[in-house]
Trainee: 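Once you've had a glance at the structure underneath, I'll fire off some questions.
Along the sequence shown, residues are numbered consecutively beginning with 1.
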Amino acid sequence: MCTVSFYQDNSKVIITSNRDEHINRPSAISPKKISYGAKTLYYPKDPQAGGTWFAVNSIGFVFVLLNGAEAKHIPNPPYRKSRGLVLLDIINSNNFLEEWNIINLSNIEPFTVIAFVDHQLFQIRWNEIEKSLIQLDSNRAYIWSSTTLYSEAVISIRESWFSEFLNQNKENICSDDFISFHTNTQKNDTQNGLVMNRKNSMLTKNITQCEITKDNFTLTHFDLISKEKTVISEILI
């Protein structure tokens, strides 16, 4: 929920997410194929709130959640609903743009969602006051870091790490390269590296990735605590 990267070339789309959470939050349930309303979804589940931070549907739309919006906020619980459940409401809608316009977000904690829908890339945000939506150039690569954990200066440094990684892997870049970036970048920096561990209290618990090609998608999930790996591959409907 705290670091997300996006990449697209002529043959594939790769979206990768690191989930940073408090050590006491229950471990996520590995991704499964789930009937959610009228849709078939694939996602790891947060057993505490019942939602998720990374969801894919059967036609290859991907929605990924980051905590926080443009700037760090002061939490003011209790909130009406988990942001991970909001994510499922959005991906389960028939038209996510219409759903975003009408969805009630009062008393919901700020969040950012990266949405890859019908070959288009969007960034949507709720900052407790208003919604925003930006359509991005899906031919560019991006990295986002949660404003709840990373300062503006650190976010800028992480963007430079991502640019350096892309420059070093200009040819034949693959999904494993992005897993390596999300796993190994600045490993000795436990405060701000891609896999963080702040005094064994807040730490990176999962890395989740979806690779989409013309005919299928592959959802890969790593539990960094249990060392378990889950892979789901499906033909796009």
Trainee: Can you get from Trp161 to Ile179 by hopping between Ile, Leu, Val, Met, Phe, Trp and Tyr side chains that sit under 4.5 Å apart?
Mentor: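 Trp161 and Ile179: separate clusters.
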Trainee: Does a donor on one side chain and an acceptor on the other come within less than 3.5 Å for Ser5 and His182?
Mentor: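 Looking only at side-chain atoms, His182 and Ser5 do form a donor-acceptor pair, the distance falling under 3.5 Å.
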Trainee: Show your working on ring pair (Phe, Tyr, Trp, His ring centres under 6.0 Å) between Phe162 and Tyr142 and close with a plain yes or no.
Mentor: CA-CA 8 Å; Phe162 188 57; Tyr142 300 88; 8.8 Å; no
Trainee: At what distance, to the nearest 0.5 angstrom, does CG of Leu66 lie from CZ of Phe111?
Mentor: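 Those atoms lie 11.0 Å apart.
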Trainee: Please confirm whether the backbone N or O of Ala153 pairs with a side-chain atom of Ser156, one donor and one acceptor, at under 3.5 Å?
Mentor: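 Not at all, since once roles are kept as given, no pair shorter than 3.5 Å links the two residues.
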Trainee: Regarding Ser106 and Asn104, do their side chains bring together a donor and an acceptor under 3.5 Å, going by distance alone?
Mentor: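 The answer is yes; a qualifying pair exists.
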Trainee: Using the side chain to side chain contact (heavy atoms under 4.5 Å, CB included) rule, take Leu219 and Glu234 through it: C-alpha gap first, then chi angles, then the decisive distance, then the call.
Mentor: CA-CA 9 Å; Leu219 180 63; Glu234 296 280 353; over 6 Å; no
Trainee: What I want to check is whether the side chains of Asn67 and Arg19 have a donor and an acceptor closer together than 3.5 Å.
Mentor: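 There is no such pair between these side chains.
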Trainee: Give a yes or no answer on whether the side chain of Ser163 reaches the backbone of Glu159 with a donor-acceptor pair at less than 3.5 Å.
Mentor: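 Yes, because the side chain of Ser163 sits within donor-acceptor range (under 3.5 Å) of the backbone of Glu159.
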Trainee: Assess whether a salt bridge exists between Arg198 and Asp20, defined as any Lys/Arg side-chain N lying under 4.0 Å from an Asp/Glu carboxylate O.
Mentor: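 No, no charged N to carboxylate O under 4.0 Å.
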Trainee: Once you round to the nearest 0.5 Å, how far does NZ of Lys205 lie from CG of Leu224?
Mentor: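 Going from the NZ atom of Lys205 to the CG atom of Leu224 covers 11.0 Å.
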Trainee: Does Thr52 reach the side chain of Lys45, with side-chain heavy atoms less than 4.5 Å apart?
Mentor: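 Contact flag for Thr52/Lys45 side chains = no.
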Trainee: Is it the case that the side chains of Thr218 and Ser233 hold a donor-acceptor pair, with the cut-off being a distance below 3.5 Å and no angle test?
Mentor: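 There is such a pair between these side chains.
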Trainee: Would you check if the side chain of Asn57 reaches a backbone N or O of Phe61 as a donor-acceptor pair within less than 3.5 Å?
Mentor: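 Yes, the answer is positive, given that a donor and an acceptor are paired below the 3.5 Å cut-off.
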Trainee: Please report the closest heavy-atom contact between Asn101 and Lys131, naming both atoms and the distance.
Mentor: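 In this case the closest contact between Asn101 and Lys131 is O-NZ, 3.2 Å.
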Trainee: Would you say Ile235 has more than 12 foreign heavy atoms packed within less than 6.0 Å of its CD1?
Mentor: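 Not buried by this count: 12 neighbours or fewer within 6.0 Å.
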Trainee: Going through the distances and angles, do Arg83 and Ile108 end up as a side chain to side chain contact (heavy atoms under 4.5 Å, CB included)?
Mentor: CA-CA 7 Å; Arg83 292 168 287 192; Ile108 300 294; 4.1 Å; yes
Trainee: Is there a side chain to side chain contact (heavy atoms under 4.5 Å, CB included) between Leu105 and Trp100? Walk through the geometry before answering.
Mentor: CA-CA 10 Å; Leu105 296 176; Trp100 180 245; 3.8 Å; yes
Trainee: Minimum heavy-atom separation for Trp53 and Ser17, please, with both atom names.
Mentor: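 Closest approach of Trp53 to Ser17, heavy atoms only: CD1-OG, 3.7 Å.
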Trainee: So, does Thr204 use its side chain to make a donor-acceptor pair with the main chain of Met196 at under 3.5 Å?
Mentor: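 Such a contact is found between Thr204 side chain and Met196 backbone.
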Trainee: I'd like to know if the side chain of Lys33 and the backbone of Thr40 have a donor-acceptor N/O pair within less than 3.5 Å.
Mentor: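 No, Lys33 side chain to Thr40 backbone: no donor-acceptor pair under 3.5 Å.
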Trainee: Please find the pair of heavy atoms, one from Pro44 and one from Thr208, that lie closest to each other, and give the distance.
Mentor: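 Scanning both residues, the minimum pair turns out to be CG-OG1, 4.4 Å.
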Trainee: Could you state the interatomic distance from CG (Asn192) to OG1 (Thr185), rounded to the nearest 0.5 Å?
Mentor: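 Separation between the atoms: 13.0 Å.
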Trainee: Do Ile14 and Leu121 share a hydrophobic cluster, counting only Ile, Leu, Val, Met, Phe, Trp and Tyr and linking them when any side-chain heavy atoms are less than 4.5 Å apart?
Mentor: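 Hydrophobic grouping puts Ile14 apart from Leu121.
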Trainee: Do the non-hydrogen side-chain atoms of Asp89 and Lys81 ever get within less than 4.5 Å of each other?
Mentor: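 SC-SC contact between Asp89 and Lys81 confirmed.
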Trainee: Ignoring hydrogens and angles, state whether a donor on the side chain of His73 or Glu109 is under 3.5 Å from an acceptor on the partner side chain.
Mentor: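 Indeed, the side chains of His73 and Glu109 share at least one donor-acceptor pair under 3.5 Å.
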Trainee: Cationic tip of Arg158 within the cone over Phe165's six-membered ring, i.e. under 6.0 Å and within 45° of the normal?
Mentor: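 No, Arg158 does not lie over the aromatic ring of Phe165.
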Trainee: Phe116 versus Val56: any side-chain heavy-atom pair under 4.5 Å?
Mentor: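 Result no, sub-4.5 Å side-chain heavy-atom pair not found.
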Trainee: Under the criterion side chain to side chain contact (heavy atoms under 4.5 Å, CB included), I'd like the reasoning laid out for Val4 against Phe54: C-alpha separation, chi angles, the key distance, then a yes or no.
Mentor: CA-CA 10 Å; Val4 178; Phe54 198 118; over 6 Å; no
Trainee: What's the spacing between Ile237 CD1 and Ile59 CD1 if we round to 0.5 Å?
Mentor: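 So the gap between those two atoms works out to 8.5 Å.
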Trainee: Grab the two heavy atoms, one from Tyr150 and one from Gly193, that are nearest each other, plus how far apart they are.
Mentor: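 Where Tyr150 meets Gly193 most closely, the heavy atoms are OH-O, 4.3 Å.
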Trainee: Determine the minimum heavy-atom distance between Trp126 and Ala69, stating which atoms define it.
Mentor: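 Looking at all heavy atoms of both residues, the closest pair is O-CB, 3.5 Å.
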Trainee: So, the side chain of Asp177 versus the backbone of Cys174: is there a donor-acceptor pair under 3.5 Å, distance only?
Mentor: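 Looks like yes, one N/O pair under 3.5 Å.
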Trainee: Would a 4.5 Å heavy-atom cut-off, applied to side chains only, mark Thr16 and Tyr7 as touching?
Mentor: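 Counting from C-beta outward, Thr16 and Tyr7 never come under 4.5 Å.
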Trainee: Are Phe6 and Ser138 side-chain neighbours, meaning at least one heavy-atom pair lies under 4.5 Å?
Mentor: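 They are in contact (side-chain heavy atoms under 4.5 Å apart), so the answer is yes.
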Trainee: Could you check whether any side-chain N or O of Lys12 sits under 3.5 Å from a backbone N or O of Ser175, counting only pairs where one atom can act as donor and the other as acceptor?
Mentor: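 It does not hold such a pair.
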Trainee: On a heavy-atom basis, which atom in Ile34 and which in Tyr43 lie closest, and how many Å separate them?
Mentor: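 Answer, listing the atom of Ile34 first, then Tyr43: CD1-CZ, 3.5 Å.
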Trainee: Show your working on ring pair (Phe, Tyr, Trp, His ring centres under 6.0 Å) between Phe122 and Phe96 and close with a plain yes or no.
Mentor: CA-CA 11 Å; Phe122 300 90; Phe96 112 88; 5.3 Å; yes
Trainee: Can Phe63 be reached from Ile134 by stepping across I, L, V, M, F, W or Y side chains whose heavy atoms are under 4.5 Å apart?
Mentor: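 Cluster IDs for Ile134 and Phe63 match.
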Trainee: Is there a side-chain contact between Ile173 and Phe181 in this structure, where contact means two heavy atoms from C-beta onward sitting under 4.5 Å apart?
Mentor: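 With C-beta onward as the side chain, the pair stays apart.
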Trainee: Hey, what do you get for CG (Asn197) to NZ (Lys187), rounding to the nearest 0.5 Å?
Mentor: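 Nearest 0.5 Å value for the CG-NZ distance: 12.5 Å.
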Trainee: If you measure from CG on Asp189 to CG on Leu194, what distance do you get to the nearest 0.5 Å?
Mentor: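 It comes to 10.0 Å.
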Trainee: Under a 4.5 Å side-chain heavy-atom rule over Ile, Leu, Val, Met, Phe, Trp and Tyr, are Leu203 and Val154 clustered together?
Mentor: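 No, no single cluster joins them.
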Trainee: Could you check if a side-chain atom of Ile23 sits within less than 4.5 angstrom of a side-chain atom of Ile225, using non-hydrogen atoms only?
Mentor: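 Sidechains of Ile225 and Ile23: no contact.
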Trainee: Short question: side chain of Gln209, backbone of Phe178 - any donor-acceptor pair under 3.5 Å?
Mentor: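 No.
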Trainee: Taking Thr112 for the side chain and Gly68 for the main chain, is one N or O donor matched with an acceptor at less than 3.5 Å?
Mentor: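 Yes, the answer is positive, given that a donor and an acceptor are paired below the 3.5 Å cut-off.
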Trainee: So with a 6.0 Å cut-off around NZ of Lys229, is the heavy-atom count from everything else above 12?
Mentor: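 Counting neighbours around NZ of Lys229, 12 or fewer heavy atoms of other residues, nucleotides or ligands fall under 6.0 Å, so no.
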Trainee: Has Glu228 got a side-chain atom pairing as donor or acceptor with Asp223's backbone, closer than 3.5 angstrom?
Mentor: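 No: the side chain of Glu228 does not pair with the backbone of Asp223.
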Trainee: Please tell me if the side chains of Lys170 and Asn167 come closer than 4.5 Å, counting only heavy atoms from C-beta onward.
Mentor: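 Heavy-atom side-chain distance check passes, below 4.5 Å.
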Trainee: For the residue pair Thr213 and Asn216, confirm or rule out a side-chain donor-acceptor distance under 3.5 Å.
Mentor: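 Per modelled atom types, Thr213 and Asn216 side chains form a pair under 3.5 Å.
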Trainee: Distance alone, cut at 3.5 Å: any donor-acceptor contact between the side chains of Asn94 and Lys39?
Mentor: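 Per modelled atom types, Asn94 and Lys39 side chains form a pair under 3.5 Å.
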Trainee: Can you tell me if Glu152 has over 12 outside heavy atoms packed within less than 6.0 Å of its CD?
Mentor: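 12 or below, so no.
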Trainee: Is it possible for you to say whether Ile212 and Leu136 belong to one hydrophobic cluster, with membership spreading through side-chain heavy-atom contacts below 4.5 Å?
Mentor: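 Linked, Ile212 and Leu136 end up in one cluster.
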